[in-house]
There are 2 protein chains.
Amino acid sequence: MTEDHWTPPAAMIAVDLVILTLRESRLHVLLIERGVEPFKGTFALPGGFLEHVEEDLTAAAHRELAEEATMDVETLHLEHLGVYGSPRRDPRGRVVSVAYLAIAPRLPDPIAGSDAADARWQRADRVLSGELELAFDHRQIVEDGVERARTKLEYSALATAFCGPTFTITDLQRVYEAVWGIVLDPRNFYRKVQKTDGFIVAANQEHKATSGRPAKLFRAGPRKVLYPPMVRPTETSNTRGEE
Amino acid sequence: MTEDHWTPPAAMIAVDLVILTLRESRLHVLLIERGVEPFKGTFALPGGFLEHVEEDLTAAAHRELAEEATMDVETLHLEHLGVYGSPRRDPRGRVVSVAYLAIAPRLPDPIAGSDAADARWQRADRVLSGELELAFDHRQIVEDGVERARTKLEYSALATAFCGPTFTITDLQRVYEAVWGIVLDPRNFYRKVQKTDGFIVAANQEHKATSGRPAKLFRAGPRKVLYPPMVRPTETSNTRGEE
DNA sequence: ACAATAGTGTCTATTAGACAGTATCAA
DNA sequence: TTGATACTGTCTAATAGACACTATTGT
């Protein structure tokens, strides 16, 4: 903070959101099809400009999400992901974008809002591979968001945020497998999860119906940080080789 | 990114730097005494406004560091720490600050630059405790930076960045002890560090002179990520109770 | 009965934690 | 020889990884 006698050049502040969820055991990211130039017609992250000088950054993020995807996500926890401020990243001028990451439990199908032609869940791997091109530098932001999620699964209870209010241990295992792109041993996974106090708590004597033996249901426990962490296997025995 | 027909309010972009180092086995942070209003005369993090629309954020960070602290830190790696954008955090108007974290190996005593009355290394614990008050929300930024450093010591080779080009294993242990504020067992520390391939490499047959048995010198190895991580003891046996 | 999913038990190898003594220098 | 710092070895408890079987439901 220096220089009080001249006015430094100002920039527009944008917020962008990386919202991740699981659909059919695959990691998906919420994207909107842009309805206005620039990049009209291509997919982009939900987000937008700070609207007035008094608006808080996270407030702007929540507002944009509601506007563009009509998602009622008051409870959605937004975590700061990074700042993207390369001088030429937006053709309209100097835009510094603050990116947030959120994990969505279930899948309230988004509805396109005012400025977005369409809002959809898209497979994260298609974005990361470049198969689906995004506007601005949003592919990079998605990549950073996915990487953050992978890391946070290790030392935090983030995985439960991918699940609904109640879930089975198998559900939880699917989260790890989808985000990490590997296969885990159910026996070791059960043991590890069960003995990590406060990670998950039994949702008393409730069960679930499919075909096969009913499963016990659990809820997210109070513990947010995992000591010792879940360990990501070391680049071997990757059966379902995603990415 | 929406709204193309009106111009959103712009904000000033600032960069702030948390530079950490070790002096006399204690964690220190680089602060400057502000030479201009607001907060003239109080300490603050080095930093300042983006100067022109084409300037990159990290470029601005490096420039400010050179200007305010006259530190020649081309090689200093700046890591994005966070964004601080509360509407009222700066009395001059809407300022969104991008904070960076860096770890400095040795201690080239800083020289006060143009806008800073003074530039000094200050003990981090005095800042965190509130004993030394900082301008703006800089105490919070320092707190976030220190917490980040603590975490990164666990799963990255960051600790070597606190040391000079060569160092002894004891030097490295002092880094962990100072940042974590605990005491470690030298035997277990030696074993752990030695068997983590690529963490440190021997700087061949060089020694050091003090009083006592000479120590072998090492350099930072190629490994940047530590698997398995160094583990921070669990809140017990904290002999030298810092913080 | 069979299919399908849920759940458990054991053995082994590795690792962290606790702990005490030897080695090498200068004075 | 003493003081001061550098280094090393062992035992034990906890944990991860590998692996196969039993349990409970619907059809």
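In what follows, chains are A, B, ... by sequence order, proteins preceding strands, each numbered from 1. Side-chain atoms are counted along with the backbone in the values below, which use heavy atoms only and exclude waters and symmetry mates.
One can place OH of B:Y190 at 18 Å from P of C:dA16, the figure rounded to the nearest angstrom. Between the C1' atom of C:dT8 and the CG atom of A:D185 lies a distance of 12 Å, rounded to the nearest Å. One atom, CZ of A:F167, and another, P of C:dA6, lie 14 Å apart when rounded to the nearest Å. What separates CD1 of A:I182 from C1' of D:dA16 is a distance of 14 Å, to the nearest Å. Rounded to an integer number of Å, the gap from B:E154 CD to C:dA16 P is 13 Å. Note: CZ (A:F189) to P (D:dA18) measures 16 Å, nearest angstrom. Taking atom CG of residue A:N188 and atom C1' of nucleotide D:dC19, one finds them 9 Å apart after rounding to whole Å. The CZ-C1' distance, from A:R187 to C:dA6, rounds to 13 Å in whole Å.
The side chain of A:R213 lies closest to C:dG7 when the candidates are C:dG7, C:dC19, C:dG9. You'll find that the side chain of A:K192 is closest to D:dA16, out of D:dC7, D:dA16, C:dT5. Listed nucleotides: D:dG17, D:dT24, C:dT8. Nearest to the side chain of A:R191: D:dG17.
Phosphate proximity of D:dA6 to B:Q173: absent, as no side-chain N or O sits under 4.0 Å from OP1 or OP2. Residue B:S211 places no side-chain N or O under 4.0 Å from the OP1 or OP2 atom of D:dT5.
Look at A:R123 and A:E131 and you find no salt bridge, because none of the NZ, NE, NH1 or NH2 atoms lies under 4.0 Å from a carboxylate O. With respect to the salt-bridge test (charged N to carboxylate O, under 4.0 angstrom), the residues A:E133 and A:R139 do not qualify.
The distance from atom CD1 of B:I32 to atom CD of B:E67, rounded to the nearest 0.5 Å, is 11.0 Å.
At least one donor-acceptor pair under 3.5 Å links the side chain of A:Y176 to the backbone N or O of A:L153.
Residues A:D144 and A:Y84 bring a donor and an acceptor atom of their side chains to less than 3.5 Å of each other.
In this structure, A:T170 reaches the sugar-phosphate backbone alone: every heavy-atom distance under 4.0 Å involves primed, P, OP1 or OP2 atoms, never a base.
Of the two residues contacting DNA chain C, namely B:P214 and B:P228, the nearest-nucleotide position lying further toward the 5' end is that of B:P228.
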